[in-house]
Structures are given as C-alpha cells and as structure tokens.
S.K.: 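Provided herewith is a single structure, encoded as structure tokens, for subsequent inquiry.
Below, all heavy atoms of this structure are taken into account, side chains as well, without hydrogens, waters or symmetry copies. In listed order, ligands and their atoms are each counted from 1. Quick note: residue numbers are just sequence positions, from 1.
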Amino acid sequence: MRTLLITGGAGFIGANLVHYWARQYPQDRLVVLDALTYAGNSANLETLPAQANFRFVHGNICDQLLVDQLLAEEGIDTIVHFAAESHVDRSIVDPEAFIQTNVIGTHNLLKAAKKAWLDNPGSSRGRDGVLFHHVSTDEVYGSLGSEDPPFSETTPYAPNSPYAASKAASDHLVRSYYHTYGLPITTSNCSNNYGPYQFPEKLIPLMLINALEGRPLPVYGDGANIRDWLQVNDHCRGIDLIMNHGRRGETYNLGGHNELPNMEIIDLLCRAMDQRFAEDTSLATRFPECPAAKGKQCTELITFVKDRPGHDRRYAIDPRKAQKELGFVPHYSFIEGITATIDWYLTNEPWWRAVMDGSYAEWMTTNYCNRC
Ligand code: NAD
Ligand code: TYD
C-alpha cells in the first residue's frame, strides 16, 4: 500500500488522476492538497467510491509548515505534483501567482520531500519506495515551425509565456534535487489535455459552453495554431506507467500523435453540436440561445479576435521514449475522446454552471469581451 500526496487534486487533471488511481489501486491512501483557487473544485472529487481511502486538505503548497506536517503525519511516500496556475492567458495578464505557485510552491514541496525522506535522522525511508512525480507541460519547449520535428526529451527548453517559463523553472528545480541530493524524481511533459472537469477557460470546454449559450466563439489570430491533443485519462495512464516503471531522474514526453489546428477543432465541435441538437429535441429547450436550437449552425458564432501576445504557433510531442520504455500508447482516438467530452458537458450542466461564478464572469468580461 502506498500513501500518495496529490497536489492540485481538485483541478482538471489532478481530479481525473484521483478517480483513476482510486479505481486502479483501491488499496492506496490518497491525500489531496489543494488551495481551491478559481480552478479548483472539491465537487470534482464528490463521486469517488465511498470505500476510497481518501482525505482532502484545503491548503497551499507554499505553506511550508503545512506541507512538512502532512508528509510526517500521513507518512507520505509518493508525491504527484499537479498544483499549478495553468492558464497562459492569465499568466500574460498577471504572472505573479505563476511564480509563487509554480516555482516557489514546487520548491517548497521538494524541500519538504527531501527533509521527510532523506534528511530526518529517524526516517527509515531513505530513497527506497519513495517518489516525487512532477507533472509538467510541452510548453516548456517553446514553439515549432510547420516542418520542425516534434519535441523530444532532449529538445532545448525555450519557454515563451510566463506560464511556460514558470513550469520550466519548476522542471529545472525538480531535476536539480535528483542530481544534487538524490531525491527520487520523475517528470512528465504532456501535450494539451481535454476531457471531463476541465475548467471552461481552456479551448475545448470554452467553445462547447459558449456554443450552448449562443456566445461568440473567440478564435485567436488566424486560428491556424496547432496543438497536440491527449484525452486526460490517457495522460493519467502515462503518469501511472512512469511512476511504476519509469527510470528515476528521467523525464518522459506524453502525447497523442494528434496534431490539430484550432479552427479544425472548433469546426468539429460546431458540427457535432448541430448534429446533437438535430437528434435530440430536448436540447433546444435546455439551450434556447444555441444557434442549433433555432435551426442555424453553431459556426455562425465563430469570431476572429485579437491574437494572444507571443502565441506559440505549434506544439507536437514525440512520445517514442514513453512508448519504447513503458509501452505507453493512447487508448482514445480523438473522435472517441471528443464525443465522450461533449456528452460529459451536456450531462454535467450543473457542474459548469457552478464553476462559472462571479470571478469567472469578471475575468471573461475584462479579458475576452475586450478582444472581440
Ligand atoms: P487546473 O488549473 O485545472 O488545476 C490546478 C489545481 O491546482 C487547482 O485545483 C488549483 O486549486 C490548485 N492549485 C493552484 N495553486 C495552488 C497552490 N498554491 N496550492 C495548492 N493547490 C493549488 O490545471 P490542470 O489543467 O489540471 O493542470 C494540472 C497540471 O498539469 C499543471 O501542473 C499543468 O502545468 C500540467 N499540464 C496541464 C496540461 C493541460 O492541458 N491542462 C497539459 C500538460 C501539463
Ligand atoms: P488553451 O486551451 O488556452 O491551451 P494552451 O494555450 O495552453 O495551448 O488554448 C489552446 C489553443 O486555442 C491556443 O492556440 C489558443 C487557442 N484559443 C483560442 O483561439 N480561443 C480561446 O478562447 C482560447 C481559450 C484558446
């Protein structure tokens, strides 16, 4: 039995990992530490099985005392570190929180792990049976041209946004704790995720919900920017494989071999929505502002807006290392994953209505409506 500390476990990918882990390893104890920022939502964990060995702690990874205390009192042997400020647009408007959480917060966790596992004279753990897994992003590698090969683990770091720079800094700190102190670490750098519980500021849920509500679908720039999309459960399986079989001190890139320009995704979502409304007449009653409810097409909501400053043109992952060493292959095709995601947002309307509270509305009004 392991005792995991999952930071940021009330956010999008963290919550999916908690559900995944509780299904996969029901004997393990799961301790979630989450500050419940605008992106964190304890409701994401409400549907865990009653028998799950689970504790939720509302707290900040920057709180060194709290983290030290948790590691000691719970006997944590595994840290899975998701907690972060994660939205590029917010990092452009206000980078400060990104430095605090992503850089200082990650360093606090590393210090606490080193203290609990390596420094405490009374600790019987040492390096055996402990692991700090750091969840990072492909954005640390910067932007690719259309002919460039995808990012591999040896691609030089070239972060372009304050978000990417803060994640790059955290990756370097994690690496340094392995090389300097021998702290057992692994790092994953993953491409763009989509799926259940994603906060509706990111491309896919934002477009879905705006279409349902009849609001503009804001396309940054020419809409030709490319991302490499991975269903979130495939990301969780990749993390599991790395934690259980990855070499300590190594980084692994996770991706879906699924590069798509933004406009292609938006078109696909619009067409899927039109079809859903045609097949299910109750949707028109639930979402009367959606063009599909009025016999029109959702694409009419597409609105080209001012580009994101420093907008990276293309991300693509070369996942061959994870495939070769760990047997990592995504299970979901994009069409299966996106169909299930549309189902999830249609079924879970109360979830997204609840997260779109005052602070969300304020952010959207000042930062999106001004672009249009
Ligand atoms: P998210 O924004 O949905 O969730 C972040 C979670 O961290 C929230 O629950 C939030 O409350 C919590 N948090 C923030 N600051 C905290 C703090 N100081 N202390 C404790 N908790 C705090 O993010 P996500 O999309 O789930 O991303 C999770 C991780 O995965 C991040 O590290 C991100 O960089 C990485 N990642 C994300 C993607 C993606 O497509 N979303 C892709 C690759 C990597
Ligand atoms: P996003 O989901 O913010 O992820 P990231 O910037 O971390 O890749 O954005 C994905 C792509 O979609 C990116 O190229 C920016 C673009 N985008 C839009 O065109 N409009 C939007 O409203 C949003 C949120 C993103």
Side-chain angles (χ1 to χ4, degrees), residues 6-17 32-42 44-45 57-63 66-67 80-92 97-98 100-102 104-106 108-109 134-140 143 160-161 163-164 166-167 170-171 188-195 197-207 210 216-230 232 235 239 253-255 260-263 265-266 302-308 310-315 317 355 364 367-368 371-372:
I6 301 169
T7 71
F12 163 48
I13 308 175
N16 277 284
L17 187 281
V32 167
L33 173 62
D34 198 296
L36 297 181
T37 66
Y38 77 95
N41 184 355
S42 53
N44 297 356
L45 302 169
V57 180
H58 182 191
N60 198 309
I61 58 167
C62 297
D63 182 344
L66 171 67
V67 174
V80 199
H81 177 35
F82 292 95
E85 291 292 336
S86 69
H87 189 36
V88 173
D89 291 335
R90 288 183 189 252
S91 84
I92 293 167
F98 289 72
Q100 278 306 320
T101 290
N102 301 3
I104 311 286
T106 300
N108 271 344
L109 288 171
H134 177 55
V135 181
S136 193
T137 166
D138 60 357
E139 303 195 25
V140 297
S143 184
N160 288 324
S161 69
Y163 163 64
S166 67
K167 291 298 290 187
S170 69
D171 292 7
S188 45
N189 293 87
C190 190
S191 58
N192 285 61
N193 283 214
Y194 66 95
Y197 302 116
Q198 186 164 34
F199 194 80
E201 65 186 353
K202 304 282 167 62
L203 180 73
I204 288 177
L206 180 114
M207 294 296 164
N210 278 14
L217 308 181
V219 180
Y220 298 171
D222 62 3
N225 302 66
I226 292 173
R227 299 293 183 261
D228 184 352
W229 294 90
L230 185 69
V232 64
H235 185 185
I239 291 172
N253 284 359
L254 298 173
L260 287 165
N262 295 337
M263 270 312 292
I265 297 199
I266 296 164
I302 291 173
T303 311
F304 287 89
V305 299
K306 206 162 94 204
D307 207 355
R308 170 189 280 173
H311 194 177
D312 284 338
R313 193 66 176 165
R314 173 178 166 234
Y315 301 146
I317 283 275
V355 300
M364 295 309 268
N367 293 284
Y368 282 92
R371 286 179 192 265
C372 297

S.K.: So which heavy atom in the protein is nearest atom 25 (O) of ligand 1, and how far is it from that ligand atom?
M.R.: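 Going atom by atom, the protein heavy atom closest to atom 25 (O) of ligand 1 ends up being F12 CD2, 3.6 Å.
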S.K.: Below 3.5 angstrom, do we get any N/O pair linking I13 and ligand 1?
M.R.: yes
S.K.: Could you tell me which atoms of ligand 1, counted from 1 in the order shown, lie closer than 4.0 angstrom to a heavy atom of S136?
M.R.: 43 (C), 44 (C)
S.K.: Backbone or side chain, does any N or O of Y220 fall under 3.5 Å from an N or O of ligand 2?
M.R.: yes
S.K.: If we only count heavy atoms from C-beta on, is the L203 to W229 side-chain gap below 4.5 Å?
M.R.: yes
S.K.: Where does Y163 meet ligand 1, judged by heavy-atom distances below 4.0 Å: at the side chain, the backbone, both, or neither?
M.R.: side chain
S.K.: Which residue owns the protein heavy atom closest to atom 20 (C) of ligand 1, what's the atom, and how far is it?
M.R.: A35 N, 3.2 Å
S.K.: Taking 4.0 angstrom as the limit and counting only heavy atoms of T37, give me the atoms of ligand 1 inside it, by number and element.
M.R.: 10 (C), 11 (O), 14 (C), 15 (N)
S.K.: Donor-acceptor pair, D228 side chain versus I317 backbone, under 3.5 Å?
M.R.: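 Yes, because the side chain of D228 sits within donor-acceptor range (under 3.5 Å) of the backbone of I317.
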S.K.: Check for a donor-acceptor pair, side chain of S143 on one end and backbone N or O of D312 on the other, with a separation under 3.5 Å.
M.R.: no
S.K.: With only distance considered, is G11 within less than 3.5 Å of ligand 1 through an N or O on each side?
M.R.: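 N/O-N/O distance under 3.5 Å: yes.
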S.K.: Quick check with a 6.0 Å cut-off and a 45 degree axis cone: is R227 positioned over the face of Y315's six-membered ring?
M.R.: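 Yes, R227 and Y315 form such a contact.
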S.K.: Polar contacts were defined as any N/O atom of the residue lying under 3.5 Å from an N/O atom of the ligand; does this apply to N193 and ligand 1?
M.R.: yes
S.K.: Does ligand 2 have a heavy atom under 4.0 Å from the side chain of D312, from its backbone, from both, or from neither?
M.R.: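 Under 4.0 Å from ligand 2, D312 contributes no heavy atoms.
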S.K.: For ligand 2, which is the ligand I care about here, please tell me if E201 has any N or O atom under 3.5 Å from one of the ligand's N or O atoms.
M.R.: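 No - when backbone and side-chain N and O of E201 are compared with those of ligand 2, no distance drops under 3.5 Å.
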S.K.: Quick test of your reading of the model: are D138 and K167 salt-bridged, counting only N-O distances below 4.0 Å?
M.R.: no
S.K.: I'd like the name of whichever of A84, C62, S42 reaches closest to atom 5 (C) of ligand 1 through any heavy atom.
M.R.: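 Minimum heavy-atom distance to atom 5 (C) of ligand 1 goes to A84.
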S.K.: Hey, does D89 come in under 3.5 Å of ligand 2, counting only N/O atoms on both sides?
M.R.: no
S.K.: Keeping N189 on the side-chain end and T137 on the backbone end, is there a donor-acceptor pair under 3.5 Å?
M.R.: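 Answer holds: yes.
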S.K.: Hey, which atoms in ligand 1 end up nearer than 4.0 Å to a heavy atom of S191?
M.R.: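 Once the distances to S191 are compared, the set is 42 (C), 43 (C).
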S.K.: Compute the shortest N/O to N/O distance between W229 and ligand 2 and return yes if it is under 3.5 Å, no if not.
M.R.: no
S.K.: Under 3.5 Å, is there a donor on one side chain and an acceptor on the other for H134 and T106?
M.R.: no
S.K.: When rounded to the nearest 0.5 angstrom, what is the spacing between CD1 in I239 and CD1 in I13?
M.R.: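 It is 7.0 Å, given to the nearest 0.5 Å.
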S.K.: What do you reckon, does L203 have a nitrogen or oxygen under 3.5 Å from a nitrogen or oxygen of ligand 2?
M.R.: yes
S.K.: Are the side chain of S188 and the backbone N or O of C190 linked by a donor-acceptor pair below 3.5 Å?
M.R.: no
S.K.: Does T7 use its side chain to pair, donor to acceptor, with the backbone of F82 at less than 3.5 Å?
M.R.: yes
S.K.: In terms of atom number and element, which parts of ligand 1 are under 4.0 angstrom from non-hydrogen atoms of N192?
M.R.: 40 (O)
S.K.: Quick check: does any side chain N or O of D63 sit under 3.5 Å from a backbone N or O of G59, one acting as donor and the other as acceptor?
M.R.: no
S.K.: Under 3.5 Å between any N/O of T137 and any N/O of ligand 1: does that happen in this structure?
M.R.: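 Between T137 and ligand 1, no N or O pair is found under 3.5 Å apart.
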S.K.: I'd like to know if the side chain of N102 and the backbone of E85 have a donor-acceptor N/O pair within less than 3.5 Å.
M.R.: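 Answer holds: yes.
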S.K.: Please report the closest heavy-atom contact between A224 and P261, naming both atoms and the distance.
M.R.: O-CB, 4.2 Å
S.K.: Which is it for L36 and ligand 1 at heavy atoms under 4.0 Å: side chain, backbone, both or neither?
M.R.: backbone
S.K.: Which is closest to atom 11 (O) of ligand 1 in terms of heavy atoms, D34, I104, V232, V32?
M.R.: D34
S.K.: For ligand 1, is there an N or O atom under 3.5 Å from any N or O atom of T101?
M.R.: yes
S.K.: Please say whether C190 places an N or O atom under 3.5 Å from an N or O atom belonging to ligand 1.
M.R.: no
S.K.: So, Y38 versus F199, ring centres under 6.0 angstrom or not?
M.R.: yes
S.K.: Hey, are D171 and S136 close enough side-chain-wise for a donor-acceptor pair under 3.5 Å?
M.R.: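 Looking only at side-chain atoms, D171 and S136 do form a donor-acceptor pair, the distance falling under 3.5 Å.
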S.K.: Closer than 3.5 angstrom, by distance alone: can the side chain of N210 be matched with the main-chain N or O of P216 as a donor-acceptor pair?
M.R.: yes
S.K.: I'd like to check whether P218 has a polar contact with ligand 2, where a contact means an N/O of the residue lying under 3.5 Å from an N/O of the ligand.
M.R.: yes
S.K.: Quick one: which ligand 2 atoms are inside 4.0 Å of a heavy atom on E139?
M.R.: 5 (P), 7 (O), 8 (O)
S.K.: Looking at H58 and A35, would you say the former's side chain and the latter's main chain have a donor-acceptor pair under 3.5 Å?
M.R.: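 Yes.
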S.K.: Pick one of side chain, backbone, both or neither for how K167 approaches ligand 1, counting any non-hydrogen atom pair under 4.0 Å.
M.R.: side chain
S.K.: Within ligand 1, which atoms have a heavy atom of V135 less than 4.0 Å away?
M.R.: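 Checking each atom against V135, I get 30 (O), 32 (O).
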S.K.: Among the heavy atoms of G59, does any lie under 4.0 Å from an atom of ligand 1?
M.R.: yes
S.K.: If we only count N/O pairs under 3.5 Å, is H311 in contact with ligand 2?
M.R.: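 Among all N and O atoms of H311, at least one is under 3.5 Å from an N or O of ligand 2.
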S.K.: Is the backbone of V305 close enough, under 3.5 Å, to the side chain of D307 for a donor and an acceptor to pair up by distance?
M.R.: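 No, D307 side chain to V305 backbone: no donor-acceptor pair under 3.5 Å.
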S.K.: Only heavy atoms of A10, strictly under 4.0 Å: list the atoms of ligand 1 that pass.
M.R.: 9 (O)
S.K.: Checking a contact table here: which protein heavy atom is nearest atom 2 (O) of ligand 1, and how many Å away?
M.R.: S86 OG, 2.7 Å
S.K.: In terms of residue, atom name and distance, what is the protein heavy atom nearest to atom 29 (C) of ligand 1?
M.R.: F82 O, 3.3 Å
S.K.: Among all protein heavy atoms, pick out the one at the shortest distance from atom 19 (N) of ligand 1; state its residue, atom name and that distance to 0.1 Å.
M.R.: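 Going by distance alone, atom 19 (N) of ligand 1 is nearest to I61 N, 3.0 Å.
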